[in-house]
Amino acid sequence: MERDPGPEGVRRALGRLVEAVLASRGEANAVFDILAVLQSEDHEETQEAVRACSRLFGALLERGELFVGQLPSEDTVMAGSQGATRKYKVWMRHRYRSCCNRLQELLTHPSFEVKELAVSTLMKFVQLEGAHPLEKPKWDGYYLFPRQLFKAVVEGLLSPEDDCSLLLSRFQEYLEHDDIRYHTMQAATGVVGRVADRYPEVPLTFWNNAFTLLSAVGLPRQECSTSSFYVKHVELSRTWKVVHLKEHRKAFQLMWLGFLKHKLPLSLCKKVLVIMHDSILPHLAQPSLMIDFLTRAYDMGGAISLLALNGLFILIHQHNLEYPDFYRKLYGLLDPSVFHVKYRARFFHLADLFLSSSHLPAYLVAAFAKRLSRLALTAPPEALLMVLPFICNLLRRHPACRVLVHRPLGPELDADPYDPDEEDPAKSRALESSLWELQALQRHYHPDVSQAASVINQALSVPEVSIAPLLELTAFEVFERDLKKKGQESVPLEFIPAQGLLGRQDDLCAQHFTLS
Amino acid sequence: MGKATPAAARWKGPGAPAGAQGGRAKPNPNPFEVKVNRQKFPVLGRKARHAVGQPGVSRARAVQKRTQTLLKEYKERDKSNVFTDKRFGEYSSNMSPEEKMVKRFALEQQRQHEKRSIYNLNEGEELTHYGRSLADVEKHDDIVDSDSDTEERGTLSAELTAAHFGGGGGLLHKKTPQQQGEEGEKLRSRRELIEELIAKSKQEKRERQAQREGALELTEKLDQDWKEIQTLLTHRAPKSENRDKKEQPKPDAYDVMVRELGFEMKAQPSNRMKTAEELAKEEQERLQKLEAERQRRMRGEDEGGDTRKPKHLSADDLNDGFVLDKDDRRLLSYTDGKMSIGEDQSGEASDGESEEEQGEDLSEEDPEDSSDPDGHSDLESDMESEDCGRPDREPRQAPGKRMTSGHRARGATRTELPYTFAAPESYEELKSLLSAKTMEEQLVVVERIQTCNHPSLAVGNKAKLEKLFGFLLEYIGDLATDDPPDLRVIDKLVVQLYNLCQMFPDSASNSIKFVLRDAMHEMEGSVEARGRAAFPGLDVLIYLKIAGLLFPASDLRHPVVTPALVCMSQLLTKCPVLSLQDVVKGLFVCSVFLDYVSLSRRFIPELINFLLGTLYLAAPSKHGQGYTLVHPFRASGKNSELLLVSDEADTATWQRRGLSLRWAGGLKAQTKTEANHTRLSCLAVCLALVKHCVLLYSSLPSFHDIVRPLGALLTEHLADRRHPPELQELCRSTLADMEKQERRCRPLICEKSKPVPLKLFTPRLVRVLEFGRKQGSSKEEQERKRLIHKHKREFKGAVREIRRDNQFLARMQLSETLERDAERKRKVKQLFNSLATQEGEWKALKRKKFKK
């Protein structure tokens, strides 16, 4: 076979070969040439070969020129005395299989174009095989799907070595289809289990890939009548599992549980928890099964606990979960970092929800209020602007806690009776204390904060202040707001003349810093 | 019966006395006169108005009234004349006759004195002299002076003398011959005499007027003629003109003097020059006032809508008062080159190095102030033009500047540099002006740009200088980011910035806001992307410091200071400390922050966190007991031992010095020893700041909770005895200060709010439903029915009254007729009687005759 230099020549040559193979069975041996090009080092040539294979085997599948049924080994068939047609079909099926194997290998190809092409070709084969199954149906109306081929695709996508996020985002468009989604979930469950068994220390890239694929799977909220199938079927049967959303949910649950039962890295845990309440819990067949993972995460402490709170809340709220010592743990979560973490808004939103019940005991609410105000001594202004109304809301909801800001006949104390190191809110003696911290914050440098803290000087007004708009407040917004605030028409000026950069002699800058 | 009253009113004439006084029911009526109207059913709540009546009494009342009114009219029915008495108060019964008389007299007097015009004061009583008005006499005097005196000298002079010399005699003298002549013919009455006199004087007046008009016409004509001739004269002979001039009397020296004195500008009153003590006192008062204002703003009291109007500077003000409001300045600065108050002030501000020196400047400039208004006279104002005033001032200002600031070198640079600079239009222009010059030269250039473009010199200068502020700020930023940063120039430029800021507070605040926003925006970008940001360059730190110098940092809410505070808070919370350089920057931010709140003593949580973190970085042994590190510090990590001294030997050689800001700009190529020394210096600064915080916040209610982590860390520091003794001492004293503060926890008590007043409801008015046929119809219908009903009743009443009137009249007529008949009967009877008597007498006489 003559080789023209360049991809153009290769394409023309491959095109001729494909034509020849399709035209007559006699030219069948040209398939070997095509498969040989598939092994090429050159990216362009490989791509051309993939396209040629796609065209060739696509046409063969449609014509039904591949052997259907349990594939016998090549040698026995060739040696046997069956008809030439059967021999040809078996032979061609074997070529098809080797082609598919090669395409799977190409999924780990360094070039993204090749990978992408390989995926789309394989998916095309999946579609055609589904339409023209290579297996014999066991009974009439039996659901057939090229599971083997598809599992191979998923396994290729969930590579333990390479980061396949781009490829996965390409693959995501197939997940629109119900059948692909269903089989992806099944395949992914298997792959994750196998990989986790195979490696003693599962590489991070695998987890990332798996998470990308898993999080890309999104189930519809309600069962819709017009399900879209990737593989075209003449008629959908109600007996097929794949058409029922319930089965999908089961598969979804199996997939996630299988994924989460392994020891995940912390960053991935966070990612999972972030999407937990929104994309995972609503689609599970039995959401309460997630309790193990959530409890484990909640006990982990730090930001992960904050995130696990959301999932736990849904379980408690909607699925009747009984969680012992929930408030005690929540109390334990309050440390200075809650004002600085990224998930501050979410945490306080949930904390507001948890503490919104008016049936909570007063000592508990008092402990929370006292703890929060103690922490407020280390908070930045944007957080203070949120947490001060939060504390005031607590006091408003629970009139029994108002002694924290109003104790008319209380004795003067030597020290604050509140014990900040006590883990149990019941023993923290918060109810005997007062919120002196808020009094200190009335001297805060930011006028809005000191104003918010001064609310406790008067008797608290009845309506609660909505903290929802304050949750997402950032320092930059505070800054912009201050900048745009229109004060009096003239800007007040310093009347002591400036003498230099560092100010006067008694200024701290002048004391501690020099210009030289 | 009750209807008698309206009927009587209807018939009452205008002159009729207010009646019905006698008809009032007596308290104890005669029981036989009382008639009780029996009520058929007693109805609860109904008022029985006519339960008891006195028919006799009321009938008598009605009859009496009718006799007074109706009968009167009836009697006067055919009479056309009516007698009305128009004297004041004739018919009013509530005035006593004496009062009436007094009032009438007063009215009469008033009528006589009534003036025709309220503005004419003398009209009522014209002053006369011998029956002639004095005004006339005066008019005659005027005319005597005029040209008419030649013809009528004789007569008028007599009059004149009469007028002047109290001339009762004169007038008599004049009158006498007349009278003598007339007495011969007939004796005329005095009245006729006066009339004649008046007529005569009027005629004279008319004549004189005619004469004067003629004379005026003549003069006008003469003037016109002269004008025509004048042109010829000028053409012909200038000499004659000269002669004319010479003919004019030379102005007398005295006259000249008088005129000059009249026109001369009088010395305006001015304050006396003040002594040094007074000036110092004033300065002190001014500072006290400003301090009070600052305190007020610090407490945030002006937020309650206290809108101070810019005070007006009086003309006598020595303008030593520091004026905050820009509007004032604009009010007082003139556009022409004269020295104005605004200028003086800015001049002071520009060379005010310190308060005492400012005071001296003032005393130097006072004579100028007092002499300036003299120069504003009309004659000299043109001479003192713009180019004269300014350069005159500049050198005067320059030596003072040199003396006070003590930069003798600048004198030399001044001579080399050009004197005028155009204000830069762009930043590049300013940079090219300032680049490659020494510090002194740069300062002189900036100063001259300001003087040459003073807002009082030209209209657009204000905008130019406002821009200059922004450019200078940018230039400072550039200087700070340079390597190495040129901090000395910045140090001096700050003074210029301060002066510019005093002149244009609004634009200056806008520029500073702009650079702060830039810095924040940059930081926000990286915070959004990575959750943290690197410490910004030295320029941002310097901007923050400058903002604190230019604006009062103690204000509760200030358009520049508050954003700057938020910006610093961001620096301390979002920027992790990754290097020694970051530590220096962070500590500088801390110092600036504390300087901001040094007066207001406000609480800064972030600062405590940062100091805690920094102390942690320097702690040799970390137990982590009793404190929790706050973001951005972490308990463990590669930077957690950033401030640990790596070599013990360096501890001994270290000496405490101030941290250099240069290190914050670019700290590099330090030897190990130097780095260790820097670490110790940082620790020293940090400990000093901690001590400062402890002292500053000792009065806060939860002071011990705030400083507890710091205390724990300090104890850790002390436990390890590796620090230099000086630092150990600092730790110890800080701890002692913490402990010294007594723990007192007074329970919180809300302020008593006013008791909420009970809600008071205004009563709801509901119409009581009347039962009857009126119910159910609309309001208009009801009103209509009511009116119809009323009309009907009134109509009936009126008809009844008329009927009774007629009855009364008929009765009267009947009685009249009866009376008349009786009279006639009586008269007839009398006639018959007399006739019978006559007849009898005649018969008796006849009988006697017969007898005889």
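We name chains A, B, ... by the order of the sequence lines, and we start the count at 1 in each one.
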Visitor: Only pairs of heavy atoms separated by less than 4.5 Å count here; which of A:Q458, A:Q442, A:H340 has the most with chain B?
Guide: A:H340
Visitor: Could you go through the side chain to side chain contact (heavy atoms under 4.5 Å, CB included) check for B:S569 and A:H446 one step at a time?
Guide: CA-CA 10 Å; B:S569 142; A:H446 198 274; over 6 Å; no
Visitor: Please rank B:K513, B:R488, B:H704 by heavy-atom pairs under 4.5 Å with chain A and give me the top one.
Guide: B:K513
Visitor: What residue, out of B:D595, B:L572, B:V566, has the most heavy-atom pairs lying under 4.5 Å from chain A?
Guide: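 The answer is B:D595.
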Visitor: If you take the centroid of each ring, where Trp contributes its six-membered ring, are A:F513 and B:F588 closer together than 6.0 Å?
Guide: yes
Visitor: Is it true that, when you exclude A:E477 itself, more than 12 heavy atoms of the residues, nucleotides or ligands shown sit nearer than 6.0 Å to its CD?
Guide: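 Counting neighbours around CD of A:E477, more than 12 heavy atoms of other residues, nucleotides or ligands fall under 6.0 Å, so yes.
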Visitor: Which residues satisfy the side-chain hydrogen bond (donor to acceptor under 3.5 Å, both in side chains) test with A:Q511, sequence neighbours excluded?
Guide: none
Visitor: Are the charged groups of A:E494 and B:R294 less than 4.0 angstrom apart, N to O?
Guide: no
Visitor: Name the region of A:P411, side chain, backbone, both or neither, that has any atom closer than 4.5 Å to a heavy atom of chain B.
Guide: backbone
Visitor: Is chain B contacted by the side chain of A:R481, its backbone, both, or neither, given a heavy-atom distance below 4.5 Å?
Guide: neither
Visitor: Could you note down all residue pairs passing ring pair (Phe, Tyr, Trp, His ring centres under 6.0 Å) where residues 368-400 of chain A supplies at least one of them, sequence neighbours left out?
Guide: A:Y331-A:F368, A:F348-A:F390
Visitor: Hey, which of B:V494, B:L487, B:D491 has the most heavy atom pairs under 4.5 Å with chain A?
Guide: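 Max contact count across the listed options: B:D491.
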Visitor: Using side chain to side chain contact (heavy atoms under 4.5 Å, CB included), reason through B:I546 and A:L501 one step at a time and then give a plain yes or no.
Guide: CA-CA 7 Å; B:I546 287 176; A:L501 181 60; 4.0 Å; yes
Visitor: Grab the two heavy atoms, one from B:R746 and one from A:W436, that are nearest each other, plus how far apart they are.
Guide: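 Heavy-atom minimum between the residues: O-NE1, 2.6 Å.
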Visitor: Heavy atoms only: give me the nearest B:L549-A:A498 pair and the separation to one decimal.
Guide: CB-CB, 4.4 Å
Visitor: Is it the backbone or the side chain of A:S337 that comes under 4.5 Å from a heavy atom of chain B, or both, or neither?
Guide: neither
Visitor: Check each atom of A:L502 against the heavy atoms of chain B and say whether the ones under 4.5 Å are side chain, backbone, both or neither.
Guide: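 Both parts, backbone and side chain.
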Visitor: Do you know which of B:Y596, B:F593, B:Y697, B:F603 makes ring-ring contact (aromatic ring centres under 6.0 Å, His included) with A:Y445?
Guide: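 Output: one option passes, namely B:F593.
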Visitor: Heavy-atom distances under 4.5 Å only: say whether A:E382 touches chain B with side chain, backbone, both or neither.
Guide: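 Only the side chain of A:E382 comes within 4.5 Å of chain B.
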Visitor: For this output row, return yes or no: ring centroids of B:H521 and A:F476 closer than 6.0 angstrom.
Guide: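 Aromatic pair counts; centres sit under 6.0 Å.
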Visitor: Using every non-hydrogen atom in the two residues, find where A:V491 and B:P505 come nearest and quote the distance to one decimal.
Guide: O-CB, 4.0 Å
Visitor: Where does A:H512 contact chain B at under 4.5 Å (heavy atoms): side chain, backbone, both or neither?
Guide: both
Visitor: Top residue by heavy-atom pair count (under 4.5 Å) with chain B, among A:D416, A:L409, A:D335, A:T514?
Guide: A:T514
